[in-house]
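A short write-up of the structure that comes next.
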Amino acid sequence: MSQNTNSKETNGAASDRVIIFDTTLRDGEQSPGASMNLQEKLRIAEVLERMGVDVIEAGFAIASKGDFEAINRIARCVTGSTVCSLARAHRKDIDRAAEALEPARRKRIHTFISTSPLHMKYKLQMEPDDVLQTVSESVSYARNLSDDVEWSPEDGSRTEHDFLCRTVEAAIEAGAGTINIPDTVGYAVPDEFARLIAMLFDRVSNIDKAVVSVHCHNDLGLAVANSLAAVSAGARQVECTINGLGERAGNAAMEEIVMALRTRRDVLGCETGIESEHIMKASRLVAAITGFSVQPNKAVVGANAFAHEAGIHQDGMLKHASTYEIMTPESVGLTKSTLVMGKHSGRHAFRRKLLELGYELGDEALNDAFRRLKDLADKKKEIFDEDIMAIVDDEVARGSERVTFVAMQVVCGSGGPHKADVTLDIEGERRSTSATGNGPVDATFNAIKAMVPHEATLPLYQVHAVTQGTDAQAEVTVRLVENGRSVNGQGADTDTLVASARAYVNAVNKLLVKREKTAPAALSA
Ligand code: KIV
Ligand code: ZN
């Protein structure tokens, strides 16, 4: 296999620099149940920009009004990263992408069409020659609207090599600056995928005029391995998502790609522009917003990724950390706290602590979070960084809710009956009601539903302890689905039932916003 390097310089990238293209907001959002609202997408985009992501794929402009708005707002707000929209090979798709990206300082249109025999025959029902012609037409059309165009042959890894070479050559000829080879169905294995990339370098005459990118799905658990193998074969852009979120088994996990390239630079010989210290914050945020929690033994960001339980390992760690640690917890943002927060901490120290954790809040949000910190310090002996992050994420998630949680009392126990008295503020008016249910959570949700009626189902109710100890805060995620529209709500509190009520109310608020977009309706029963 020949070793190539993709020498074209893009975004100031030298030949050993791998461009990180994040598609959490597009492919990641395509995971069933992972839908995000505009504010949530903006928060994620902000974190991605801050961590140094080169290209943010913010959505698929023609897919929905919501996607269009999100791309458009991100294009306005993000200046440090290129903002990208996906578009099929249709003029109206490409026009819509260009329109959404209009305010961006740096924009990219990413257009694609299937090229494998299976997809051309059954999905597109097109002949290969017609597909080839569409590639040239769609790329040059996009190129008239943006200087930066990426082209992808969907199902690229299952495409016949001759045809793949012809389409790649045509796309570059038409002006594509990035050629992205997707392993759409996660079928490839590393050695084979590296050979495919090397084959393109060998056979496509104008390949030096483009950056070669890869986009790997994780159906066989090989997305990261395939991406790294492609980098070894000369690819210089990797498409990935935070926590490996994405269609089916997900996409290549950004944190794994970045830390592998950083930790094994000695063999992989490449680097990224990512400030890896932001990784934990991005991971936590995406998990909280989507309700897709991270498994404890997940590489890089799992709760156990830096935990050493076995005595023999602990002994080695005490003697020298590198005995069992190939990267430091600090390098992914697990900092050893320099500022300890508690009952007597002042607002100024709290602001500094938030900056240390990567949060910049406005005065109002800071005051609200500070008040929550003081309340928490009354209930809990030790305040950990994770507690502070949970409070801030909870406050930010709330935004400007029309319905807010005020108070609750619950009767529960082994014998039942279970009853909840809940008070809400509904657009400035206090309302209270009681309800019963199968357990205290059910009773609480029934009470809220009685005051803010809806037809949604509850496919997800998830509780996560933020730290160790019985006084730990609970972080709750609730997913509601109404008329095919899915929303996730979050809440945090030392009282699991209060956290549950907050999460449910947060989800109900999002449901109201979604509903309102179709038909404004009365809020309460
Ligand atoms: O998986 C895939 O093929 C894609 C393309 C649109 C790049 O997501
Ligand atoms: Zn994909």
Side-chain angles (χ1 to χ4, degrees), residues 19-32 34-35 54-64 67 71 82-90 93-94 96-97 100 108-120 122-124 131 134-135 138-139 142 148-159 163-164 167-168 171 176-188 193 196-197 200 210-224 226-227 230 235 237-254 257 286 290 292:
I19 295 163
I20 294 294
F21 176 114
D22 180 274
T23 184
T24 306
L25 300 176
R26 199 278 296 170
D27 216 325
E29 209 214 7
Q30 282 173 221
S31 317
S35 70
D54 300 288
V55 187
I56 298 174
E57 189 163 54
F60 191 172
I62 200 141
S64 69
D67 257 48
I71 298 166
T82 297
V83 182
C84 173
S85 169
L86 189 66
R88 286 168 303 183
H90 304 316
D93 273 48
I94 297 170
R96 195 80 175 134
R108 174 179 294 186
I109 297 176
H110 175 192
T111 182
F112 71 100
I113 190 167
S114 292
T115 51
S116 67
L118 262 169
H119 277 221
M120 289 192 292
Y122 295 109
K123 183 180 142 175
L124 298 178
V131 169
T134 309
V135 172
S138 55
V139 172
D148 186 349
V149 172
E150 171 171 330
W151 179 73
S152 295
E154 193 185 1
D155 207 16
S157 58
R158 293 193 300 171
T159 297
F163 189 61
L164 187 63
T167 53
V168 167
T178 303
I179 296 294
N180 176 51
I181 307 299
D183 182 26
T184 303
V185 290
Y187 182 69
F193 198 55
L196 179 72
I197 301 302
L200 292 174
V211 170
V212 173
S213 166
V214 288
H215 174 111
C216 298
H217 279 271
N218 206 30
D219 300 66
L220 294 173
L222 293 170
V224 170
N226 284 336
S227 305
Q237 176 177 286
V238 173
E239 302 201 350
C240 46
T241 57
I242 300 289
N243 297 340
L245 197 68
E247 284 267 27
R248 306 181 310 279
N251 289 62
M254 190 222 279
I257 299 283
V286 170
T290 58
F292 281 55

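When a ligand or atom number is given, it counts from 1 through the structure's own listing order.
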Kindly compute the distance separating SG (Cys216) from CD1 (Ile181), expressed to the nearest 0.5 Å.
-> 10.5 Å
When rounded to the nearest 0.5 angstrom, what is the spacing between CG in Asn226 and NE2 in His217?
-> 12.0 Å
Are Pro153 and Ser114 side-chain neighbours, meaning at least one heavy-atom pair lies under 4.5 Å?
-> no
Can Glu29 and Asp67 be said to form a side-chain contact (heavy atoms from CB on, under 4.5 Å), step by step?
-> CA-CA 10 Å; Glu29 209 214 7; Asp67 257 48; 3.8 Å; yes
Sub-3.5 Å donor-acceptor pair from the side chain of Ser213 to the main-chain atoms of Asn180, do we have one?
-> no
For ligand 1, which of its N or O atoms have a protein N or O partner closer than 3.5 Å, and how long is each gap?
| unit_1 | atom_1 | unit_2 | atom_2 | d |
| --- | --- | --- | --- | --- |
| ligand 1 | 1 (O) | His215 | NE2 | 3.2 |
| ligand 1 | 1 (O) | His217 | NE2 | 3.0 |
| ligand 1 | 3 (O) | Thr184 | OG1 | 2.6 |
| ligand 1 | 8 (O) | Arg26 | NH1 | 3.4 |
| ligand 1 | 8 (O) | Arg26 | NH2 | 3.0 |
| ligand 1 | 8 (O) | Asp27 | OD2 | 3.1 |
| ligand 1 | 8 (O) | His215 | NE2 | 3.1 |

Under 3.5 Å, is there a donor-acceptor pair between the Asn251 and Thr241 side chains?
-> no
Is the number of heavy atoms from other residues, nucleotides or ligands under 6.0 Å of Phe163 CZ greater than 12?
-> yes
Point-to-point distance, once rounded to the nearest 0.5 Å, from OG of Ser85 to CZ of Phe60 = 7.5 Å
Test Glu239 against Glu150 for side-chain contact (heavy atoms from CB on, under 4.5 Å), laying out the working first.
-> CA-CA 12 Å; Glu239 302 201 350; Glu150 171 171 330; 2.4 Å; yes
Any idea how many protein N, O or S atoms are nearer than 2.8 Å to the Zn ion (ligand 2)?
-> 3
